[in-house]
Amino acid sequence: MMWTLSLLLLGGFLPQAFMEPHAPGQTSDADLHVLQSPPSLVLTKGDQATLHCSFPAGDPNGKGAVSWHRVSLEEDTSSSRTLSFGGRFSLAYPKTSLGKGNGSLVISNISWKDAGTYFCKVWLWGKEEKQGNGTRLVVYGHPNQPEIYLQVHGQKEGTITLACRTFGFYPAPVNFSWHGSDVSLTALGPAELWESEAGGFQSIHYVAMPFSSTWDIKTITCSVRHVSLVEPLSSNYTYDPGERGLSGNQLMKYLNIIKISLVLGLLMSMIPTVGRKCRKMK
Ligand SMILES: *[C@@H]1O[C@H](CO)[C@@H](O)[C@H](O)[C@H]1NC(C)=O
Ligand SMILES: *[C@@H]1O[C@H](CO)[C@@H](O)[C@H](O)[C@H]1NC(C)=O
Ligand SMILES: *[C@@H]1O[C@H](CO)[C@@H](O)[C@H](O)[C@H]1NC(C)=O
Ligand SMILES: *[C@@H]1O[C@H](CO)[C@@H](O)[C@H](O)[C@H]1NC(C)=O
Ligand SMILES: *[C@@H]1O[C@H](CO)[C@@H](O)[C@H](O)[C@H]1NC(C)=O
């Protein structure tokens with residue numbers, strides 16, 4: 001898909017018929033060169049993008065135009081639509097681009113659909129229109145905080161299945177890693193990966209964990225690595241066997257509580273008796 005953003009500066013729109021590439025007294029075409037930088041730009045969804053475009057500064061009162069067009073990643077050049085600046089798209093110098101020789105484009109709050117190659121096109125009165133070599137904009141998405149949950153289906157005898165899920169990342173894939181002290185976790189195949197409706201990808205990874213009713217509470221960590229992250233994202237899951245029936249350890253804890261209550265109860269019942277005895281002795 002290709003569309004054009006254009007803003008005609010100082011003098012407004014001039015029909016093609018008025019364009020005279022070799023007007024007398026003007027410098028040659030070779031003088032107009034449009035430089036775009038950087039060649040490629042990797043940012044994260046929500047960031048602000050500045051795509052630089054520079055050219056020899058012209059007469060601030062002269063006629064000309066800076067326009068931008070984009071070839072999106074899907075590259076279906078048959079459908080083309082023209083957009084104007086406004087909203088999230090603007091020029092760094094909306095009124096003075098030509099005088100400054102700076103036609104940089106600023107895109108705020110970038111989204112998935114902004115990805116593509118952007119071309120800066122400059123036309124100055126009496127010169128041939130030139131365009132830069134393009135800036136390829138890549139929009140990354142951070143994965144969300146992973147969520148761990150117990151998979152109720154597909155449990156085998158003596159094991160339980162844990163799932164770790166994350167979404168909203170781009171590009172695919174994410175890498176999962178699991179950690180649990182004194183627990184051996186077995187990956188149940190590679191992570192499942194699919195495209196989210198909201199954009200980006202989501203992924204789920206399953207592990208099997210042996211189950212024992214004699215266990216104490218265990219903490220299991222799932223970490224997610226992605227190209228958009230410096231540090232992996234981690235979440236903890238606390239596995240409490242007591243929640244799945246009274247385990248040996250749990251039973252001991254309950255018995256201890258009962259014992260303490262009995263002792264306290266005995267003490268309480270003795271206090272008034274002791275008090276009365278003390279008073280009698282006075
Ligand atoms: C053009 O303007 C942008 C935004 O102010 C700035 O970051 C950039 O350095 C300028 N480029 C040149 C070549 O002056
Ligand atoms: C950025 O764009 C998203 C949609 O892509 C929108 O939900 C959000 O409110 C925007 N944020 C700002 C600060 O405009
Ligand atoms: C733009 O691309 C052309 C053709 O590939 C190349 O000759 C030229 O050096 C490039 N210009 C810049 C500024 O990179
Ligand atoms: C994910 O794992 C693959 C294969 O081990 C590796 O090539 C890739 O760099 C990893 N990606 C991240 C973001 O850690
Ligand atoms: C997760 O558990 C590990 C090991 O028990 C602990 O070091 C870490 O602080 C925990 N992280 C969070 C976010 O609770």
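Only heavy atoms go into these numbers, but all of them, side chains included; no hydrogens, no water, no symmetry mates. All residue numbers refer to positions in the sequence shown, counting from 1. Counting convention: from 1, in listed order, for ligands and their atoms alike.
Each of the following atoms of ligand 2 lies closer than 4.0 Å to a heavy atom of Asn109: 1 (C), 2 (O), 3 (C), 8 (C), 10 (C), 11 (N), 12 (C), 14 (O). Interface of Asn102 with ligand 1, defined as ligand atoms under 4.0 Å from a residue heavy atom, comprises 1 (C), 2 (O), 3 (C), 8 (C), 10 (C), 11 (N), 12 (C), 14 (O).
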Using a cut-off of under 3.5 Å, which N/O atoms of ligand 4 pair up with protein N/O atoms, and what distance separates each pair?
from, atom 1, to, atom 2, distance (Å)
ligand 4, 2 (O), Asn175, OD1, 3.4
ligand 4, 2 (O), Asn175, ND2, 2.2
ligand 4, 11 (N), Asn175, ND2, 2.9
ligand 4, 14 (O), Asn175, ND2, 3.4

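Side chain of Asn144 to main chain of Phe167: a donor-acceptor pair is present (N/O by atom type, distance under 3.5 Å, no hydrogens or angles).
The two residues Trp178 and Cys164 have their closest heavy-atom pair at CZ2-CB, 3.3 Å. Here the closest non-hydrogen pair linking Lys45 and Trp112 is CE-NE1, 3.3 Å.
Looking at ligand 1, you won't find any N or O of Thr50 less than 3.5 Å from one of its N or O atoms. At under 3.5 Å, not a single nitrogen or oxygen of Ser54, backbone or side chain, sits near a nitrogen or oxygen of ligand 1.
Applying the disulfide bond (SG atoms under 2.5 Å apart) rule to pairs touching residues 170-201 yields nothing, sequence neighbours excluded.
When hydrophobic side chains of Ile, Leu, Val, Met, Phe, Trp and Tyr are connected at separations under 4.5 Å, Leu35 ends up as a singleton with no cluster partners. Using a 4.5 Å cut-off between side-chain heavy atoms of Ile, Leu, Val, Met, Phe, Trp and Tyr, Val230 forms no hydrophobic cluster with any other residue.
Geometric assessment of Lys100 against the ring of Tyr93 yields a positive cation-pi assignment under the 6.0 Å and 45° thresholds.
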Quiz item: Can you check side-chain hydrogen bond (donor to acceptor under 3.5 Å, both in side chains) on Glu192 and His205, steps first, answer last?
Solution: CA-CA 6 Å; Glu192 291 173 10; His205 191 229; over 6 Å; no
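For His52, every heavy-atom contact with ligand 1 shorter than 4.0 Å involves the side chain, none the backbone.
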